[in-house]
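As structure tokens, the structure follows; a few thoughts come after it.
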Amino acid sequence: MGDYTDAFMRNQNTAVRGATKAQNRANVLQLKLIGQSHPTGLTNTLLKLFEPRPPLDFKPPPEKRKCPPYSGMAQFVSNFAEPGDPEYAPPVEKAETPAQRRARIHKLRLEKGAEIAADELKNYDPTNDSNVSGDPYKTLFVARLNYETSESRVKREFESYGPIKRVALQVRLVTDKDTNKPRGYAFIEYVHTRDMKAAYKQADGRKIDGRRVLVDVERGRTVPNWRPRRLGGGLGTSRVGSEEVATRYFGRH
């Protein structure tokens with residue numbers, strides 16, 4: 001069985017070699033015929049690559065046109081706009097710069113705040129306020145408190161000047177009773193007037209919970225025609241309204 005297989009494979013390989021030789025002979029004969037047709041021996045396909053392009057079409061030269069002569073423009077000066085005419089320099093619309101936009105928004109906010117303050121000022125009457133009680137001449141006003149400062153901390157800080165009758169820490173917005181956002185100021189009522197005066201003189205500028213507080217008397221019920229700062233009144237940056245005092249107490253940290 002093995003001898004038969006080997007003989008079959010030898011015959012098959014011989015047939016393949018014979019076919020390859022026959023193909024090679026045919027290719028050689030074809031190349032010889034091509035070489036006889038052209039001296040270079042190149043095929044027709046390659047010869048087409050070297051064929052010259054057709055000659056260019058003859059075109060007559062373009063005719064030269066005569067341009068009109070240059071003339072002056074003095075005759076058209078009368079048609080120009082004068083400096084006083086609107087079309088001489090039409091207005092250019094300038095875009096709003098970021099600084100102008102901030103200034104405009106700030107102005108609108110100030111006008112809106114002034115309108116709101118004017119409406120609230122009509123109903124402002126501290127003498128008839130149900131939330132205000134106690135002796136105004138024994139009451140101390142403390143502003144610029146830290147929003148995290150508690151009522152007990154305020155009482156502990158100001159008890160050193162004398163016994164305190166009560167502490168009313170304002171922790172709610174005046175216009176919105178539903179929020180718990182602190183206002184940052186308190187009213188402290190002392191038992192004796194002398195203790196309130198001592199705290200008024202010594203406690204202004206004292207640092208509580210990282211912030212220097214402003215201490216003043218209660219002016220709403222003691223000063224005629226007094227208006228708080230939110231309604232366009234107040235004394236500015238300090239209790240006396242002086243920039244020098246404000247720098248002395250609140251310029252350092």
Side-chain angles (χ1 to χ4, degrees), residues 110 113-114 116-118 120-253:
L110 291 178
I116 296 174
E120 292 183 358
L121 184 61
K122 297 177 181 178
N123 302 325
Y124 178 69
D125 188 6
T127 57
N128 297 324
D129 192 351
S130 59
N131 296 324
V132 179
S133 61
D135 189 352
Y137 295 97
K138 298 180 181 179
T139 303
L140 195 70
F141 172 73
V142 183
R144 294 177 182 160
L145 288 169
N146 192 319
Y147 294 146
E148 303 296 331
T149 302
S150 62
E151 181 177 337
S152 60
R153 177 59 187 273
V154 175
K155 185 176 181 180
R156 186 167 63 253
E157 291 288 339
F158 285 87
E159 273 183 338
S160 59
Y161 303 102
I164 294 175
K165 185 176 181 181
R166 67 179 183 86
V167 178
L169 186 63
Q170 303 292 335
V171 295
R172 294 183 180 274
L173 287 172
V174 176
T175 57
D176 191 353
K177 300 294 184 179
D178 299 331
T179 62
N180 293 324
K181 184 178 179 181
R183 294 299 304 271
Y185 62 89
F187 291 96
I188 305 173
E189 184 180 357
Y190 284 90
V191 177
H192 305 289
T193 306
R194 63 177 182 273
D195 299 332
M196 186 274 294
K197 292 181 179 180
Y200 172 79
K201 294 178 181 179
Q202 302 176 17
D204 190 29
R206 185 171 182 173
K207 184 176 287 188
I208 301 176
D209 290 339
R211 295 192 62 177
R212 296 192 181 275
V213 298
L214 183 146
V215 178
D216 195 7
V217 297
E218 183 185 349
R219 299 179 182 270
R221 293 182 294 169
T222 58
V223 179
N225 299 324
W226 170 258
R227 291 188 300 172
R229 189 173 184 179
R230 62 184 175 85
L231 298 181
L235 296 177
T237 56
S238 69
R239 64 187 184 184
V240 295
S242 172
E243 293 294 336
E244 180 182 358
V245 175
T247 304
R248 183 177 63 187
Y249 283 115
F250 305 103
R252 65 182 188 273
H253 295 280

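These values consider heavy atoms only, across backbone and side chains, with no hydrogens, waters or symmetry-generated copies. These numbers were taken from a predicted model, which means no experiment stands behind them.
The minimum heavy-atom distance linking Ala186 with Leu145 is given by the pair CB-CD1, 3.9 Å. Shortest non-hydrogen contact noted between Asp195 and Pro163 is OD2-CD, 3.3 Å. Summarising the geometry of Pro136 relative to Glu218, their closest heavy-atom pair is CA-OE1, 3.7 Å, with the distance given to 0.1 Å. The nearest pair of heavy atoms linking Ile208 to Phe158 is CD1-CE1, 3.9 Å. The shortest heavy-atom contact between Leu140 and Ala199 is CD2-CB, 3.6 Å. Between Ile164 and Lys155, the closest heavy-atom pair is CD1-O, 3.7 Å.
Residues meeting the ring pair (Phe, Tyr, Trp, His ring centres under 6.0 Å) test with Tyr161, sequence neighbours left out: none. Legend: residues meeting salt bridge (Lys or Arg N to Asp or Glu O under 4.0 Å) with Arg206, ordered by chain and number and at least two apart, are Glu157. With sequence neighbours left out, Asp135 forms a salt bridge (Lys or Arg N to Asp or Glu O under 4.0 Å) with no residue at all.
Remark: Asp204 CG to Leu214 CG distance equals 5.0 Å, nearest 0.5 Å. Note: Thr139 OG1 to Met196 CE = 7.5 Å, rounded to the nearest 0.5 Å. For the atom pair NZ of Lys197 and CZ of Arg194, the computed distance is 11.0 Å after rounding to the nearest 0.5 Å.
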Side chain to side chain contact (heavy atoms under 4.5 Å, CB included) between Tyr185 and Asp216, worked out: CA-CA 11 Å; Tyr185 62 89; Asp216 195 7; over 6 Å; no

Steps toward side chain to side chain contact (heavy atoms under 4.5 Å, CB included) verdict (Ile188, Val154): CA-CA 9 Å; Ile188 305 173; Val154 175; 3.5 Å; yes

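Checking side-chain atoms of Lys165 against main-chain N and O of Val191 turns up no donor-acceptor pair under 3.5 Å. At least one donor-acceptor pair closer than 3.5 Å links the side chain of Asn146 to the backbone N or O of Asp209.
Using a 4.5 Å heavy-atom cutoff, the side chains of Val215 and Phe141 are not in contact.
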